[in-house]
Amino acid sequence: MEKLKESMYQLIVETSTNLPKDVRRAIAKAKAQENAGTRAAMSLDTISENILKADENVSPICQDTGLPTFKIKTPVGVNQLKIKEAIIEAIKEATADTKLRPNSVDSLTGANSGDNLGPGTPVIKFEQWEEDYIDARLILKGGGCENKNIQYSLPTELEGLGRAGRDLDGIRKCVMHSVYQAQGQGCSAGVIGVGIGGDRTSGYELAKEQLFRTLEDTNPNEDLRKLEEYVMDNANTLGIGTMGFGGETTLLGCKIGVMNRIPASFFVSVAYNCWAYRRLGIKLDPNTGDIMDWMYQEGEKIDFKQEMEKAAASLDEVTDEVREVVLEAPITEEKIRELHVGDVVRINGTMHTGRDAIHKHLMSNDAPIDLNGQIIYHCGPVMMKDANGEYHVKAAGPTTSIREEPYQGDIMKKFGIRAVIGKGGMGPKTLKALEEHGGVYLNAIGGAAQYYAECIKKVDGVDLMEFGIPEAMWHLQVEGFTAVVTMDSHGNSLHRDVEKSSLEKLSQFKDPVFK
Ligand SMILES: O=C(O)C[C@H](O)C(=O)O
Ligand code: SF4
């Protein structure tokens with residue numbers, strides 16, 4: 001099985017850089033449903049361009065390459081320990097080649113292992129089967145969408161929907177609620193895998209297992225087929241839309257599985273996956289380890305080249321209506337007060353990354369540089385160090401901002417920061433601080449890691465590298481970095497408005513549907 005490591009390496013690289021065909025088709029369909037010039041349409045254009053670039057550059061679609069999870073089926077007699085060894089070597093190599101971000105972190109100390117290996121990472125699950133080949137599948141599911149997974153224990157009371165009982169209609173309510181509670185934070189439009197039954201552990205397993213189905217398959221269970229269809233039709237009327245900006249497509253797929261439970265427990269578990277739905281599979285020769293075939297590769301491959309040309313043409317027609325502002329740090333309070341929700345900003349000059357570890361650190365320490373008037377980017381990039389010791393950005397999209405909600409307002413005031421860029425929006429504490437201090441929240445397109453990496457022209461330096469590559473503070477020079485004002489210094493928040501209107505829409509699904 002001398003080819004095994006090479007085959008696993010290819011599986012990892014393809015999964016990280018080349019979005020499966022069924023997902024591409026679903027995104028193209030979502031694009032066709034949005035009106036040109038809307039925030040949702042523009043976000044989908046950025047997403048499409050990003051998919052194209054990742055493929056061309058053989059670079060990660062999203063900088064968060066997730067927790068690599070392998071599902072392997074082997075014929076009886078195949079040495080599974082050898083497969084595990086090959087996967088571990090392939091993971092190390094793919095990380096060193098910047099196809100994966102170093103993502104394995106000690107839960108207690110925060111130390112990054114640097115090679116994606118550590119207790120519990122990667123996840124490798126084996127099964128035996130009667131076929132004569134090895135079936136190896138991989139999903140790279142990032143942290144932002146993983147944080148939006150949810151498990152319901154029936155009966156329960158749901159916001160907007162009331163009582164969800166222990167029956168198909170109760171399940172329906174849970175699934176609808178799961179889409180609502182994710183808002184744009186898991187980089188909608190998303191795909192949900194739902195597991196009905198089991199215990200808390202096996203229920204989530206079943207939910208995640210559903211994410212290995214193809215988006216276009218039909219559920220063989222008639223009740224579940226109807227439920228999947230119902231959810232697709234109705235969740236897309238919630239108006240959450242791409243990145244939570246509002247719009248026609250909130251969900252790209254809904255896949256539901258069922259297993260038995262014990263009488264006292266009734267769980268509905270939901271695994272939420274972002275649009276960057278990276279899962280692929282290979283069939284391997286058990287003697288040589290060679291790839292015999294790729295999975296999820298049926299049908300047309302949309303490369304988004306044509307779509308990009310069309311989008312560029314229609315954008316020319318609508319740019320007159322959108323207010324565009326150029327920002328360059330240091331930014332004055334006066335300039336910030338001129339910005340309003342809906343404005344598109346193009347940033348040139350400096351910005352500095354800061355995410356979880358940095359925000360916690362800055363609460364009780366000085367900043368390594370003067371942050372007065374500066375822009376903080378919630379981002380954990382993939383970086384490559386060249387032979388001269390200089391860093392180059394390989395992938396750099398935004399991370400979910402809401403995790404910084406406890407700190408953000410205080411940090412902005414303490415250091416005079418004027419703008420933060422992230423995705424998914426922030427809460428009332430930050431909104432109040434933006435108003436008091438004169439600050440703005442800018443939403444970038446989650447997952448568009450290649451698109452933003454191209455806007456970063458130079459890495460000026462890095463501080464606090466002891467937190468590891470994703471968590472360090474990177475000092476960047478950017479050009480034409482585009483984001484939308486979604487929270488301004490006048491008390492307006494697009495996120496608050498979309499959450500409110502989607503809750504109203506959710507409550508229209510209160511009445512029983514499945515008896
Ligand atoms: O860790 C990241 O870079 C992003 C994360 O996947 C997120 O969605 O917040
Ligand atoms: S940033 Fe968005 S697209 Fe990337 S892994 Fe996180 S949720 Fe997915």
Side-chain angles (χ1 to χ4, degrees), residues 15-17 19-20 23 26-27 30 43-44 46-51 53-54 59-69 98 100-105 110 112 116 121 138-149 182-193 208 211 240 242-245 250-253 271-279 353-359 376-383 393-405 408 420-426 443-453 467-472 474 483:
T15 309
S16 177
T17 64
L19 206 64
V23 184
I27 291 173
S43 311
L44 284 162
T46 305
I47 286 171
S48 310
E49 196 177 332
N50 188 72
I51 296 168
K53 282 186 174 152
S59 283
I61 296 163
C62 177
Q63 76 289 337
D64 185 1
T65 52
L67 172 61
T69 303
T98 65
L100 293 177
R101 184 176 72 183
N103 246 6
S104 176
V105 172
N112 192 313
N116 266 312
T121 53
L138 169 63
I139 185 163
L140 298 173
K141 184 172 187 289
C145 59
E146 184 70 13
N147 293 349
K148 287 313 205 185
N149 289 3
Q183 291 291 304
Q185 290 166 4
C187 290
S188 51
V191 176
I192 50 171
K208 204 158 182 182
L211 296 176
I240 296 166
T242 308
M243 294 316 299
F245 286 169
T250 299
L251 209 54
L252 298 171
Y272 188 97
N273 207 106
C274 48
W275 68 260
Y277 180 27
R278 291 154 288 172
R279 55 102 175 87
T353 68
R355 51 179 293 167
D356 310 69
I358 296 289
H359 280 77
I376 289 290
Y377 182 23
H378 296 158
C379 168
V382 179
M383 287 289 186
V393 182
K394 300 304 284 182
T399 191
T400 319
S401 302
I402 196 70
R403 297 193 307 271
E404 316 317 333
E405 179 68 4
Q408 195 67 77
V420 289
I421 311 171
K423 58 117 170 158
M426 302 193 75
N443 206 117
I445 309 303
Q450 290 307 309
Y451 175 84
Y452 291 113
F467 295 144
I469 287 180
E471 296 274 356
W474 296 92

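Atoms within each ligand, like the ligands themselves, are counted from 1 in listed order.
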Heavy atom of P398, distance to ligand 2 below 4.0 Å: yes
Atoms of ligand 2 close to K423 [distance to a heavy atom under 4.0 angstrom, numbered from 1]: 1 (S), 2 (Fe), 7 (S)
Side-chain (Y451) to main-chain (G397) donor-acceptor, under 3.5 angstrom: no
Side chains of L44 and F245 in contact at under 4.5 Å (non-hydrogen atoms): no
Ligand-protein N/O pairs under 3.5 Å (ligand 1):
unit_1	atom_1	unit_2	atom_2	d
ligand 1	1 (O)	D64	OD2	3.4
ligand 1	1 (O)	R101	NH2	2.8
ligand 1	1 (O)	R355	NH1	3.0
ligand 1	1 (O)	R355	NH2	3.3
ligand 1	3 (O)	Q63	NE2	2.9
ligand 1	3 (O)	R101	NH1	2.8
ligand 1	3 (O)	R101	NH2	3.4
ligand 1	3 (O)	R355	NH1	3.3
ligand 1	6 (O)	D64	OD2	2.5
ligand 1	6 (O)	G143	N	3.4
ligand 1	6 (O)	G144	N	3.2
ligand 1	8 (O)	G144	N	3.2
ligand 1	8 (O)	T400	OG1	3.2
ligand 1	8 (O)	K423	NZ	2.8
ligand 1	9 (O)	T399	OG1	2.8
ligand 1	9 (O)	T400	N	2.8
ligand 1	9 (O)	T400	OG1	2.4
ligand 1	9 (O)	R403	NH1	3.3

T121-S104 side chain donor-acceptor pair, cut-off 3.5 Å: yes
Under 3.5 Å donor-acceptor, T399 side chain and G144 backbone: no
Near atom 8 (Fe) of ligand 2 (under 2.8 Å) - protein N, O or S atoms: C274 SG
Test item, Q185 contacting ligand 2 (heavy atom, 4.0 angstrom): no
Donor-acceptor contact present, side-chain S188 to main-chain M243, <3.5 Å: yes
R278: side-chain hydrogen bond (donor to acceptor under 3.5 Å, both in side chains) partners, not counting sequence neighbours: none
Heavy atom of M243, distance to ligand 2 below 4.0 Å: no
Basic-acidic side-chain contact under 4.0 Å: E471, R355: yes
All salt bridge (Lys or Arg N to Asp or Glu O under 4.0 Å) counterparts of K394, not counting sequence neighbours: none
Passing candidate, side-chain contact (heavy atoms from CB on, under 4.5 Å) with N103, options L67, L140, N116, I469: N116
Side-chain (N50) to main-chain (A449) donor-acceptor, under 3.5 angstrom: yes
Under 3.5 Å: donor-acceptor pair, side chain of Y277, backbone of L211: yes
Short side-chain to backbone donor-acceptor contact, K423 and S401, under 3.5 Å: no
Close-contact set for ligand 2 against R278 heavy atoms, below 4.0 Å: 5 (S)
